[in-house]
Amino acid sequence: RPRFSRRVHSNSLQMSLWPNTLARFWGAHALSAGIAAVFLAALPKWITLTSPRLNALAIAAAGMGWASVPLLAFGASNIALAVLLYRNREEAGFSLSAVGAAYFACASAAINSAWLVSGLLALKLLRSWLGLLAASAAMFAVKASLKDRLFTEGGGDLAAAAAARKRRGPGLPILAFVNRGAGAKLGAQVLDALQGLADRRRRKGLPALQVVDLSAEEPGAALKAFAQQHKAYRVLVCGGDGSAAWVLHCIEQAKLEYVPGVAMLPLGTGNDLARILGWGKSFRLDSLRDRLLAVDNARVAMLDRWDVCGRLPDGRSSVVMSNYMSIGVDAQAALLWARLYRAAPGLFKLRLLNKLWYIICGTPQLLLHSFSDLASRCELVCD
């Protein structure tokens with residue numbers, strides 16, 4: 001049954017070699033392939049210059065000399081592709097995923113040809129790995145296409161529609177909650193940047209910006225204290241779907257006289273709620289100031305939250321649902337993921353690795369058909 005509606009806002013590093021996004025993960029492969037190709041292209045010349053007396057090596061180098069030009073071209077193109085992928089600051093969308101699938105498929109075919117000629121086991125393993133990457137990139141392309149089609153309003157992005165609106169009066173004070181442990185692991189940087197912006201606002205006499213570290217303070221106490229200081233304000237949740245659900249629940253429990261609108265800064269693994277509200281699927285640190293302006297300009301929408309009752313995991317009999325609920329394979333995978341996260345948080349350092357752990361937790365359940373009889377074991381009542 002519907003529990004209540006909550007007001008929410010809808011709106012739409014420096015470069016590091018560490019592959020902390022899917023684009024950079026693919027870029028790391030392209031960079032490795034480029035370096036290897038340049039090394040192989042230079043190898044014959046190096047052998048000829050350094051080992052003139054080793055006739056066998058010299059003959060082999062002469063035989064490989066014809067391949068130097070195509071290897072150099074292949075290496076240069078891969079290094080250029082790696083630079084483009086590393087400069088990409090967004091998560092992999094449909095176009096990038098489709099290009100990645102085509103690239104890895106072509107690379108896998110080329111390695112397969114080399115394996116058929118040489119019979120080397122290493123080439124066979126590399127071919128299989130590249131084929132797996134091509135399949136995963138194709139799956140990402142399909143997923144991105146479906147989500148881009150779903151999370152639109154009136155044929156356009158919610159964020160673009162909100163950005164086009166005119167500013168409606170002076171901005172309101174903002175209470176920002178930051179989850180350091182959210183999937184993208186940008187929480188600490190966002191916390192420092194927000195505190196710097198809060199100091200700047202205070203010096204200029206602008207509406208207040210208060211920053212709360214969720215790892216050190218509960219949302220409820222901060223909400224009540226901020227409500228005593230400001231008659232009207234807005235809340236910004238810097239985290240994922242779990243962080244948003246936590247803050248929304250605390251707003252309900254606090255029974256505030258003024259119920260603030262809640263905006264999102266997507267720092268989680270999936271960020272489905274942020275997507276559907278138009279705040280995007282990922283976040284760039286250099287866009288933080290624009291995001292705060294967007295909080296002021298965002299329109300208010302209503303978000304239904306639901307009571308879900310039944311025999312639930314961890315001995316619970318009810319839970320509040322914000323935007324989706326899973327039953328079956330994906331629910332089991334999410335439960336295993338959550339328990340693994342609580343037991344070994346050190347394994348969840350990157351958003352990309354977080355998604356990989358979802359796959360690892362869900363694949364055995366899918367292959368074993370653990371929930372093939374779900375329809376006979378479950379009765380769903382929507383009242």
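- Separation of atoms CD1 (Ile111) and OG (Ser128) is listed at 11.0 Å; rounding is to 0.5 Å.
- Under the 4.5 Å side-chain heavy-atom criterion for Ile, Leu, Val, Met, Phe, Trp and Tyr, Leu206 and Leu236 are members of distinct hydrophobic clusters.
- Evaluated for a side chain to side chain contact (heavy atoms under 4.5 Å, CB included) with Val190, the options Val211, Leu267, Asn179 yield exactly one hit, Leu267.
- Listed for the Asp307 side chain is no donor-acceptor partner under 3.5 Å among the backbone atoms of Val320.
- Within the 4.5 Å cutoff, the side chain of Val178 has no heavy atoms near those of the Leu265 side chain.
- Note that CD of Gln229 is 9.5 Å distant from CG of Leu175, once rounded to the nearest 0.5 Å.
- Two residues are said to be in side-chain contact when any heavy atoms from C-beta on lie closer than 4.5 Å; Phe177 and Leu223 meet this criterion.
- The distance from the CZ atom of Arg200 to the CD atom of Gln195 is 13.0 Å, given to the nearest 0.5 Å.
- Side-chain contact between Pro219 and Trp246: present, with at least one pair of heavy atoms (C-beta onward) separated by less than 4.5 Å.
- The two residues Ser108 and Gly131 come nearest to each other via the heavy atoms OG-N, 3.7 Å.
- A continuous path of ILVMFWY side-chain contacts below 4.5 Å connects Leu288 to Leu277, so both sit in one hydrophobic cluster.
- Looking only at side-chain heavy atoms (C-beta outward), Val235 and Ile174 stay at 4.5 Å or farther from each other.
- Leu132 and Phe104 end up in the same hydrophobic cluster when Ile, Leu, Val, Met, Phe, Trp and Tyr side chains are linked at under 4.5 Å.
- Between Leu209 atom CG and Leu172 atom CG the span is 12.5 Å, to the nearest 0.5 Å.
- No donor-acceptor distance shorter than 3.5 angstrom exists from the side chain of Arg180 to the backbone of Ala188, with no hydrogens or angles considered.
- Within the 4.5 Å cutoff, side-chain heavy atoms of Leu197 are placed close to those of Leu292.
- A donor-acceptor pair under 3.5 Å links the side-chain atoms of Asn271 to the main chain of Gly268, judged by distance alone.
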Derivation and outcome, side-chain contact (heavy atoms from CB on, under 4.5 Å), residues Leu194 and Cys238: CA-CA 10 Å; Leu194 283 174; Cys238 306; 3.9 Å; yes
Derivation and outcome, side-chain contact (heavy atoms from CB on, under 4.5 Å), residues Tyr258 and Lys231: CA-CA 7 Å; Tyr258 171 80; Lys231 294 182 178 179; over 6 Å; no
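- To the nearest 0.5 Å, the span separating CE on Met264 from CZ on Arg275 amounts to 11.5 Å.
- Side-chain atoms of Ser32 come within 3.5 Å of backbone atoms of Ala28 as a donor-acceptor pair (strictly under, hydrogens ignored).
- At a threshold of 4.5 Å between non-hydrogen side-chain atoms, the residues Val237 and Leu248 do not count as touching.
- Between Arg201 and Pro207, the closest heavy-atom pair is NH1-O, 3.1 Å.
- Between Tyr103 atom OH and Leu130 atom CG the span is 7.5 Å, to the nearest 0.5 Å.
- For Arg316, the CZ atom sits in a packed shell: over 12 heavy atoms of surrounding residues, nucleotides or ligands are nearer than 6.0 Å.
- For the pair Pro260/Arg234, no side-chain contact is recorded, criterion being any heavy-atom separation below 4.5 Å from C-beta on.
- Annotation: side chain of Arg291 is in contact with side chain of Pro266 (closest heavy-atom distance under 4.5 Å).
- Both Tyr233 and Val259 belong to a single network of hydrophobic side chains, linked directly or stepwise wherever heavy atoms of I, L, V, M, F, W or Y lie under 4.5 Å apart.
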